[in-house]
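These notes are about the structure you will find just below.
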Number of protein chains: 2
Amino acid sequence: MDSGSHNSISPTEENYLKAIFKITAGAGLASTNAIAQEMETSPASVSDMIKRLSRKHLIDYEKWKGVSLTKEGRILAITLIRRHRLWEVFLVEKLHFAWDEVHEIAEQLEHIASEKLIERLDEFLGTPKFDPHGDPIPDAEGIFAKRKQVLLSELNALETGVIVGVHEHSTAFLQYLDRMDLVLGAVLKVQEIFEYDGSMRIELENKTSLVLSSKVSQHLFVQRQKP
Amino acid sequence: MDSGSHNSISPTEENYLKAIFKITAGAGLASTNAIAQEMETSPASVSDMIKRLSRKHLIDYEKWKGVSLTKEGRILAITLIRRHRLWEVFLVEKLHFAWDEVHEIAEQLEHIASEKLIERLDEFLGTPKFDPHGDPIPDAEGIFAKRKQVLLSELNALETGVIVGVHEHSTAFLQYLDRMDLVLGAVLKVQEIFEYDGSMRIELENKTSLVLSSKVSQHLFVQRQKP
DNA sequence: AATAATTTTTAGATTTGTCTAAAAGTTAGA
DNA sequence: TCTAACTTTTAGACAAATCTAAAAATTATT
């Protein structure tokens with residue numbers, strides 16, 4: 001009946017594409033088990049869904065091997081990421097949500113199907129390149145902005161950096177950062193690193209001194225600054 | 001989490017509630033056939049859905065009689081109307097969509113479930129009382145603003161009115177109005193009424209003179225102005 | 001009141017997305 | 001290499017939402 005691309009795609013199918021994109025980072029293979037874990041569902045359900053997405057030519061699939069996104073599937077996944085991150089910017093900048101509150105809502109908004117809506121939203125927001133968590137927003141052609149970033153844990157003593165992103169998105173982590181004034185754009189200088197547990201003492205611009213566990217410093221992205 | 005009720009409600013169920021609200025205008029009975037027509041589906045499907053909505057106590061229902069919204073169902077329907085109309089304001093005022101382009105997109109956006117989102121959006125938009133078509137936006141308590149409006153066709157010769165709403169929402173009608181500069185807020189004076197076909201000649205503020213068919217004047221809401 | 005026309009409901013099938021349990025295939029260990 | 005451990009797929013069921021066809025109930029007509 002239908003020869004190819006223009007079968008409509010359900011929100012559930014879209015979520016699978018996002019999960020596969022996340023696992024494969026755009027290219028490479030995703031296993032049934034990995035997808036099941038990411039989607040919080042059973043491997044059996046994933047097997048079923050793989051057949052459906054394969055039939056729609058959104059993924060390539062051979063039994064017992066993993067799956068990979070087709071060009072079309074990858075474009076769709078990137079579109080979803082674009083929508084999600086643009087909506088997050090809207091929620092934080094225009095509706096004044098906190099950065100730990102926006103994920104769930106953006107998760108719904110990203111499935112609204114209207115190309116014009118997203119292009120208008122992008123324009124309205126001033127074509128932002130990064131979302132409230134510092135993640136890059138792909139442009140309309142699917143290109144992600146790049147940035148020279150390292151984990152805070154990679155800085156040496158006396159180096160200075162600007163917080164540009166988070167590597168973990170849990171509410172607990174984001175709320176912790178808020179409490180510590182560790183927001184995007186904050187400038188910090190590493191004072192000392194404790195060999196014992198890998199924790200580090202840092203100083204903010206307002207001279208506040210904080211000790212951060214290695215877990216924290218391994219989940220914060222910073223841009224090195226010349227001293 | 002989200003607002004009050006027990007069982008979660010699907011977008012489809014929400015659309016049925018809206019249809020029933022529209023047919024019954026909030027109170028009264030809706031027939032299976034009328035709902036089927038409004039939803040563009042078969043009476044058999046409506047029968048099934050009636051059972052589901054009844055089980056969830058969103059509608060009252062006795063076999064072979066019509067259907068009416070329960071208090072809970074009515075609140076939900078009004079919430080959906082609130083969401084829909086607020087999103088329409090957003091699309092027109094912030095994203096610069098034309099008033100004939102917004103219905104479909106708002107139809108999707110209205111199903112996003114987050115009370116906080118809607119209250120923030122309302123605030124962001126300045127708590128508008130009417131949507132881009134002049135339809136009233138219920139407040140958070142479900143109260144619709146009222147307004148002394150009449151159909152343009154009810155005006156007599158030499159009376160003056162301000163356009164405050166449309167009684168038909170078709171793209172064709174809205175685009176016709178745009179072309180004629182018959183936008184919300186436009187002030188017009190009835191010059192003469194032709195008995196022959198019920199058409200009327202009106203004059204706009206910029207002295208443009210137009211002849212409107214009775215079909216047009218019967219689908220435009222105006223507020224009378226003292227001369 | 002009896003029949004015709006209409007409305008509403010039921011019956012049975014289909015699609016999507018899910019589940020559990022079990023079978024089949026692959027990989028790793030002794 | 002042969003079995004143990006695992007991953008993946010199939011089989012069979014279920015709920016939501018829909019459909020067509022047919023039966024049941026109501027309303028209208030003569």
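The sequence lines fix the lettering, A, B, ..., with proteins before strands; numbering per chain opens at 1.
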Starting at atom [atom1] of [X], determine the distance to atom [atom2] of [N], rounded to an integer number of angstrom.
X       : N      : atom1 : atom2 : answer
B/Arg55 : D/dA17 : CZ    : C1'   : 12 Å
B/Ile50 : C/dT8  : CD1   : P     : 8 Å
A/Glu14 : C/dT16 : CD    : P     : 15 Å
A/Trp64 : D/dT7  : CH2   : C1'   : 7 Å
B/Lys56 : D/dA16 : NZ    : C1'   : 9 Å
B/Ile59 : C/dT8  : CD1   : C1'   : 14 Å
A/Leu29 : D/dT7  : CG    : P     : 16 Å
B/Glu13 : D/dA15 : CD    : C1'   : 11 Å

Contact summary for B/Ile81 and B/Pro138, nearest pair of heavy atoms: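 B/Ile81 and B/Pro138 have their closest heavy atoms at CG2-CD, 4.0 Å.
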Which atoms form the tightest heavy-atom contact between A/Ser68 and A/Gly28, and what is the distance?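 Taking every non-hydrogen atom into account, CB-O, 3.3 Å.
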Does [X] put a side-chain nitrogen or oxygen below 4.0 Å from OP1 or OP2 of [N]?
X       : N      : result
B/Tyr61 : C/dT8  : no
B/Lys63 : C/dT10 : yes
B/Thr32 : C/dT9  : yes
A/Ser10 : C/dT16 : no
B/Ser45 : D/dC19 : yes

For nucleotides 11-14 of chain C, which of its nitrogen or oxygen atoms have a protein nitrogen or oxygen under 3.5 Å away, and what is each distance?
none

Within the side chain of [X], is there an N or O that forms a donor-acceptor pair under 3.5 Å with the backbone of [Y]?
X        : Y        : answer
B/Lys129 : B/Thr127 : yes
B/Thr70  : B/Leu58  : yes
B/Glu154 : B/Leu151 : yes
A/Thr79  : A/Ile75  : yes

Is the Lys NZ or Arg CZ of B/Arg120 less than 6.0 Å from the centre of A/Phe97's six-membered ring, within 45° of the axis?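 Yes, B/Arg120 lies over the aromatic ring of A/Phe97.
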Cation-pi check, B/Arg147 to B/Phe130: give yes when NZ or CZ is under 6.0 Å from the six-membered ring centre and within 45° of the ring axis, no otherwise.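 Here B/Arg147 passes the 6.0 Å and 45° test against B/Phe130.
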Shortest side-chain distance from B/Arg52, nucleotide among D/dA16, C/dT9, D/dT20: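 Among the listed nucleotides, the one closest to the side chain of B/Arg52 is D/dA16.
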Report the nucleotide, chosen from D/dA17, C/dT10, D/dT9, that has the shortest atom-to-atom distance to any side-chain atom of B/Met49.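 Between D/dA17, C/dT10, D/dT9, the one nearest the side chain of B/Met49 would be D/dA17.
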Select base, sugar-phosphate, or nothing to describe what [X] touches, counting heavy atoms under 4.0 Å on all strands.
X       : value
A/Lys65 : nothing
A/Ser47 : base
B/Thr12 : sugar-phosphate

5'-most contact on DNA chain C: A/Tyr16 or B/Gly66, nearest heavy atom basis?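 Nearest-nucleotide comparison on DNA chain C picks B/Gly66.
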Give the ring-plane orientation class for B/Phe90 versus B/Phe124, where under 30° counts as parallel, over 60° as perpendicular and anything between as tilted.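 Rings of B/Phe90 and B/Phe124: tilted, 30 to 60°.
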Listed in order of residue number, which residues of residues 33-41 of chain A have a non-hydrogen atom at under 4.0 Å from DNA chain C?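 Heavy-atom contacts with DNA chain C come from A/Thr41.
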State plainly whether the residues B/Lys116 and A/Glu101 are in salt-bridge range, i.e. N to O under 4.0 Å.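 A salt bridge links B/Lys116 with A/Glu101.
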